[in-house]
Amino acid sequence: MNNKKQQLDCLEWIDEYLNDARFGLRGKILLEEVSPYQRITIFESILYGKGLLLDGCWMTTELQEKHYHECLVHPALTSAKEIKKILIIGGGDGGTARECLRYESLEHIDMVEIDGLVVELSQKHLPLIGGSAWNDHRLNIHIQDGINWVDKAATNSYDVVIVDGSDPTGPAQGLFNKQFFEQCSRILRPGGIFATQSESPEAFKQVHIAIIRTLREVFNFADPLYGSVPIYPSGWWSWSFASAKEPRYLNPLLHRVQEISAKCEVWSARWQKGAFEAIPAFIERELKA
Ligand code: SPD
């Protein structure tokens, strides 16, 4: 048996199961631990490097995490009036904080993650994802319930609120309802922007539509943006942005675009323009109904 064949024989498939489909990568499980909240798996794949799954669902992988984190962060941070103080709910792998910290004018991030073990294992096993964020003095990590944090936060205290949660089951369930969005709106400063991952328009169509409808009940303006995250169910993903007085997330500020563009892999002002326009007809119809 040659080496190549021996290596391939040690490998396994790890799949996220959803209804009658599964979405998987070949590689090997490096470790699996159970926290009070969920099963945490660190996996090394051939195609996309090391990755993280929570309760069997793909969260991120080293070589395609930018498809997700850039699209969640930059539409909000290039367009909010100020970006001095940011709140991240979830985001325990560090990728969202890393993208935020690329802006020099950002002074302070509160990252509120319910599961300390996700942070610990990501810092240890997925250092490429959090990168230098973990050592940046502007990042303040709080291992706490994000819903509780938002309820207690002062009115008008953040320039941007970003929700980087997992799917709306398990610990992330309360991050998609009206009461939570109302609290997020209350704690945003004037000219502030709210951003959340908003699931797949195909694999989680009803959840996706419900998120946008609920955001539109709470904020004056809310719109989804569409892109691709190959490891997530259907590969077709969305992020939604909301604001009070005008849809300022549609208009990135030139000086901020210039600050980050050169190092982005997916996001650009041009990409963003198209991604907001790329609302599928079946979603647009349902939102109008
Ligand atoms: N179905 C996966 C949804 C995951 C959203 N969050 C991913 C965390 C990456 N920081």
Side-chain angles (χ1 to χ4, degrees), residues 14-19 21-25 35 37-43 48-74 76-77 86-101 109 111-115 117-123 125-131 133-134 139 141 146 161-176 195-208 211 224-240 265-267:
I14 190 156
D15 295 317
E16 174 174 345
Y17 287 78
L18 182 74
N19 303 325
R22 56 191 206 188
F23 304 89
L25 291 174
S35 77
Y37 301 99
Q38 54 211 342
R39 179 165 50 96
I40 305 169
T41 311
I42 307 279
F43 184 77
Y48 294 133
K50 285 196 266 175
L52 169 72
L53 297 98
L54 298 179
D55 284 337
C57 298
W58 286 109
M59 292 296 122
T60 195
T61 59
E62 288 172 332
L63 299 184
Q64 61 159 240
E65 52 88 15
K66 292 186 171 165
H67 285 244
Y68 174 91
H69 293 119
E70 288 181 2
C71 307
L72 174 64
V73 169
H74 298 315
L77 267 78
I86 311 292
L87 174 63
I88 300 172
I89 303 292
D93 54 61
T96 293
R98 184 206 66 221
E99 284 304 310
C100 290
L101 289 163
I109 297 180
M111 182 181 119
V112 185
E113 164 62 58
I114 199 166
D115 195 341
L117 193 56
V118 172
V119 176
E120 202 184 297
L121 295 178
S122 299
Q123 287 175 329
H125 299 283
L126 305 170
L128 289 183
I129 293 177
W134 300 124
L139 178 62
I141 302 172
V161 174
I162 300 177
V163 180
D164 180 14
S166 40
D167 306 301
T169 54
Q173 202 157 20
L175 301 178
F176 295 91
T196 184
Q197 74 90 0
S198 48
E199 302 288 314
S200 164
E202 198 273 340
F204 302 105
K205 178 182 159 195
Q206 292 312 330
V207 178
H208 171 67
I211 294 171
L225 156 153
Y226 296 90
S228 141
V229 184
I231 47 162
Y232 289 174
S234 85
W236 192 7
W237 211 253
S238 78
W239 302 265
S240 290
E265 193 171 301
V266 174
W267 186 90

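In this text, all values refer to a predicted model and were calculated from it rather than measured experimentally. Only heavy atoms go into these numbers, but all of them, side chains included; no hydrogens, no water, no symmetry mates. In each ligand, atom 1 is the first atom listed, and ligand 1 is the first ligand listed.
Judged by distance alone, the side chains of His69 and Glu65 do bring a donor and an acceptor atom under 3.5 Å apart. Using modelled atom types, one finds no donor on one side chain facing an acceptor on the other under 3.5 Å when comparing Asp93 with Thr60.
The protein non-hydrogen atom at the shortest distance from atom 8 (C) of ligand 1 is Asp164 OD1, 3.2 Å. Scanning the protein heavy atoms around atom 3 (C) of ligand 1, the nearest turns out to be Asp167 OD1, 3.4 Å. In this structure, the protein non-hydrogen atom closest to atom 5 (C) of ligand 1 is Gly165 O, 2.9 Å. Residue, atom and distance of the protein heavy atom nearest to atom 4 (C) of ligand 1 are Tyr232 OH, 3.5 Å. Protein heavy atom nearest atom 9 (C) of ligand 1, with residue, atom name and distance: Asp93 OD2, 3.0 Å.
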Please determine whether side-chain contact (heavy atoms from CB on, under 4.5 Å) holds for the pair Asp164 and Tyr68, giving the CA-CA distance in whole Å, both sets of side-chain angles, and the decisive distance to 0.1 Å. CA-CA 10 Å; Asp164 180 14; Tyr68 174 91; 2.6 Å; yes

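Only the side chain of Tyr68 comes within 4.0 Å of ligand 1, counting heavy atoms alone; its backbone N, CA, C and O stay farther away. Contacts with ligand 1 closer than 4.0 Å are made by no heavy atom of Phe23, backbone or side chain. If you look at Glu65 next to ligand 1, there are no close heavy atoms at all, none under 4.0 Å.
With a 4.5 Å cut-off on side-chain heavy atoms, Ile231 and His67 do not count as touching.
Using cut-offs of 30° and 60° for the angle between ring planes, the Trp58 and Phe43 rings count as perpendicular.
With hydrogens and angles disregarded, a donor-acceptor distance shorter than 3.5 Å links the side chain of His208 to the backbone of Ser198.
Taking any N or O of Thr60, backbone or side chain, none lies under 3.5 Å from an N or O belonging to ligand 1.
The closest approach between any non-hydrogen atom of Glu16 and ligand 1 is not below 4.0 Å.
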